[in-house]
Amino acid sequence: MALREIEERVKRLRREIEYHNYRYYVLDDPEISDAEYDDLIRELGDLEGKYPDLRTPNSPTQRVGAPPLEEFGTVTHTIPMLSLANAMEEGDVIEFDQRIRRLLKTDEEIEYVVEPKLDGVAVELAYERGDLKVGATRGDGITGEEVTQNLRTIKTIPLHLLAKEEPPPERLEVRGEVYMELDDFKVLNKKREESGESLFANPRNAAAGSLRQLDSSVTSQRPLKIFCYGIGEVQGREFESQWEVLQMLPKWGFRMNPLARRCNTIQDTIDYYKEIKGLREEQTYEMDGVVIKVNSFGLQRRLGEVSRSPRWALAYKFPAKEATTKIIDIKAQVGRTGALTPVAEMEPVRIGGVEVKRATLHNQDEIDKKDIRIGDTVVVQRAGDVIPEVVKVIESKRTGAERKFAIPDKCPICGADVVRLPGEAIHRCVGISCPAQLKGRIRHFASKRAMDIDGLGVKLIDQLADKGLVKDIADLYYLGEDDLALLERMAEKSAENLIQALEESKHPHLSRFVYALGIRHVGEHISQVLAQGLKCLDEFFKVTEEELLSIPEIGPEVAQSVVRFFRDRGNRRVIKRLQKAGVEIEEPSEKEEEPLKGRVFLFTGALEGMARNEAKDLVEGLGGEVTSSVGKRVDYVVVGKDPGSKYTKARELDLKIIDEGELRKLVGLT
Ligand code: IVH
């Protein structure tokens with residue numbers, strides 16, 4: 001193809017992809033399958049990879065995140081982003097309308113627009129000639145943070161506007177709310193719990209936290225969405241009314257909440273508020289009320305604003321799902337990752353039709369900040385399906401008999417030490433045999449990249465733990481066929497297989513063994529670094545924090561976590577019992593050849609002659625490192641069939657790209 005044709009093809013692909021984005025994200029009515037869409041993206045990515053000059057920052061391929069920032073810049077909004085006056089009752093709404101008519105000196109009915117109010121993060125997107133240039137948060141309304149890179153990763157934000165019905169104006173600022181859907185929020189928190197990270201208290205915090213990441217590749221992994229509801233500065237087009245804006249925005253590719261409606265009278269807005277309130281529970285996101293806006297921009301201008309709120313708009317809030325009750329006790333609950341969460345046990349109370357008797361207090365800092373005590377009368381809130389939380393204490397109800405609570409320094413389940421690592425809000429139990437953590441630990445211990453115990457699946461682990469046959473990871477190696485016969489659906493053959501698999505797992509490499517122990521902050525890579533640095537298991541028992549800090553890549557968090565782990569008597573006992581049962585750790589010998597030492601590899605796309613994990617093992621076995629994030633430090637990008645966006649990114653960074661054949665040569669297979 002001639003360069004001109006390629007240029008044309010790239011443009012065509014972009015327009016096509018933008019159109020399909022619009023069908024999918026704005027109209028919710030896709031015309032092509034996901035696979036067909038992926039093909040378009042892939043073709044575009046390939047062309048952009050081959051011809052980097054054709055790449056543009058607003059190409060649909062550019063949603064994966066950019067290099068991390070040191071800090072956010074600030075943006076001064078051309079037109080301040082105002083906030084809204086709140087109404088809680090119908091009377092407030094009637095008054096709002098009466099005031100407007102008084103100010104406008106009219107008896108005529110005013111036309112309003114009613115829109116759902118979502119609780120997320122307000123942002124402004126500035127487009128020039130249809131291209132997204134800058135995106136910022138509302139901030140204090142005058143200046144916000146420049147989060148363009150992060151906003152670019154949100155698929156419902158158009159990077160380039162559609163021009164089919166009407167070309168976008170020279171300059172267009174669009175405002176909207178970035179939010180997280182309830183289901184996505186739950187999945188995100190579940191993942192965070194599994195990896196031992198602190199949980200977001202609600203979808204709003206999750207959205208705000210995700211948007212305030214300096215590394216936009218983190219934001220790109222967060223399920224954020226946007227609903228657009230207004231404009232800022234516009235050059236090159238006039239709008240007469242809010243309704244006109246709401247009709248026009250989707251045509252340029254912006255996502256608008258379909259529940260927005262025009263109402264002829266204030267009574268209609270109240271009726272519609274009630275209707276939306278009834279639909280509240282059916283939505284996939286949380287609404288905290290509606291926004292009522294005077295439709296005509298001419299009237300809006302005449303009304304103006306007072307103290308940073310427009311006189312022409314009102315937030316009519318839904319009743320909070322709140323209630324008052326008394327805290328009977330506070331208990332520390334131990335999760336699967338060892339995190340201790342303080343939970344308030346309360347006198348049962350109904351909130352939004354559901355009986356609530358427990359509420360999370362998140363962590364000790366939250367308890368201290370809100371000064372929550374046992375015996376306190378508190379306001380409890382339930383947001384969507386989220387776990388109820390204590391909002392505040394009603395101090396006037398204190399009698400003096402209330403008691404302060406502190407997370408215990410011994411685990412309430414197993415008695416091991418509870419620690420709080422620097423920089424963390426969460427307390428954790430360090431006990432390796434803590435029954436609360438047991439199942440998760442066994443699962444991790446047996447997993448493929450750890451001890452690789454084939455046949456020890458989730459159901460089996462549950463049974464072993466529930467029946468008390470396995471109380472710590474060492475017990476696995478003391479299981480006899482008689483024990484296994486006690487389990488449901490455990491055919492003799494599978495029992496034999498499991499015992500065989502356990503036998504075969506008895507010679508792990510030191511780094512795998514250390515990884516399998518599930519020490520906090522010690523993932524696969526750090527385990528390798530530690531194994532290389534300390535050489536044998538005995539060293540782990542003796543090593544001090546200072547010594548660990550002298551190993552490259554080991555920081556204070558890891559150092560402290562490792563020393564704590566190996567100093568714990570229970571943990572030492574378990575390791576000794578593992579060794580007694582015949583687990584023999586293979587220690588890296590000084591002489592071991594490491595031709596790939598210091599080399600960083602990244603894989604993208606499917607390899608044909610071997611599995612990704614096999615290739616990874618080979619590289620690591622020769623001292624190489626495997627990473628999953630594209631960056632300058634990557635030495636080789638191994639590209640297989642159907643590579644993903646990492647390939648595009650790698651080409652952009654001009655990294656060395658090799659195929660499977662070249663990889664085989666490097667690892668000495670051919
Ligand atoms: S209009 C003057 N419309 O509510 C107009 N705001 O306190 C101000 N919000 O920061 C904004 N949905 O984050 C408007 N349909 C909607 C909205 C909305 C949510 C948020 C927005 C703003 C806050 C106003």
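In each ligand, atom 1 is the first atom listed, and ligand 1 is the first ligand listed. Please read all numbers here as calculations on a predicted model, not as lab measurements. Just so it is clear, the values below take in all heavy atoms, side chains as well, and ignore hydrogens, waters and symmetry mates. We're numbering straight along the sequence, starting at 1.
- Contact check on Arg129 versus Glu170 returns a salt bridge, with a Lys/Arg side-chain nitrogen under 4.0 Å from an Asp/Glu carboxylate oxygen.
- At a cut-off of 3.5 Å, with distance as the only test, no side-chain donor of His427 or Gln364 sits close to an acceptor on the other residue.
- Between the side chains of Glu146 and Thr148, at least one donor-acceptor pair of N or O atoms lies under 3.5 Å.
- Closest to atom 15 (N) of ligand 1 by heavy atom, among Glu115, Arg311, Met81, is Glu115.
- Geometrically, ligand 1 and Leu84 share a nitrogen or oxygen pair separated by less than 3.5 Å.
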Derivation and outcome, side chain to side chain donor-acceptor pair (under 3.5 Å), residues Gln242 and Gln300: CA-CA 10 Å; Gln242 173 67 7; Gln300 285 190 6; 5.0 Å; no
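- Of the N and O atoms on the side chains of Thr219 and Gln213, not one donor lies less than 3.5 Å from an acceptor on the other residue.
- By the 3.5 Å distance cut-off applied to N or O atoms, Glu177 is counted among the residues near ligand 1.
- Atoms of ligand 1 found under 4.0 Å from any heavy atom of Pro310 (numbered from 1 in listed order, with element): 2 (C).
- Counting only heavy atoms from C-beta outward, the side chains of Val356 and Thr325 never approach each other to under 4.5 Å.
- If you number the atoms of ligand 1 from 1 as listed, the ones under 4.0 Å from a heavy atom of Arg138 come out as 10 (O).
- For Arg175, the heavy-atom gap to ligand 1 stays at 4.0 angstrom or more.
- Every atom of ligand 1 with a heavy atom of Ser83 under 4.0 Å away is listed here by number and element: 7 (O).
- Ligand 1 places these atoms under 4.0 Å from at least one heavy atom of Val291: 3 (N), 15 (N), 16 (C), 17 (C).
- Applying the 4.0 Å criterion to heavy atoms of Leu118 picks out, from ligand 1, the atoms 12 (N), 19 (C).
- The aromatic rings of Phe96 and Tyr112 sit tilted, their planes meeting at an angle between 30° and 60°.
- For atom 3 (N) of ligand 1, the candidate residues are Arg308, Lys293, Lys117; the nearest heavy-atom contact is made by Lys293.
- Contact check on Asp119 versus Lys117 returns no salt bridge, with no Lys/Arg side-chain nitrogen under 4.0 Å from an Asp/Glu carboxylate oxygen.
- Of the protein's heavy atoms, Leu82 O, 3.6 Å lies nearest to atom 8 (C) of ligand 1.
- Relative to atom 14 (C) of ligand 1, the option among Tyr179, Tyr229, Phe227 with the closest non-hydrogen atom is Tyr229.
- Shown in contact with Pro116 at under 4.0 Å from a heavy atom are these atoms of ligand 1, numbered in order with element: 12 (N), 15 (N).
- For the residue pair Ser241 and Glu244, no side-chain donor N or O sits within less than 3.5 Å of a side-chain acceptor on the partner.
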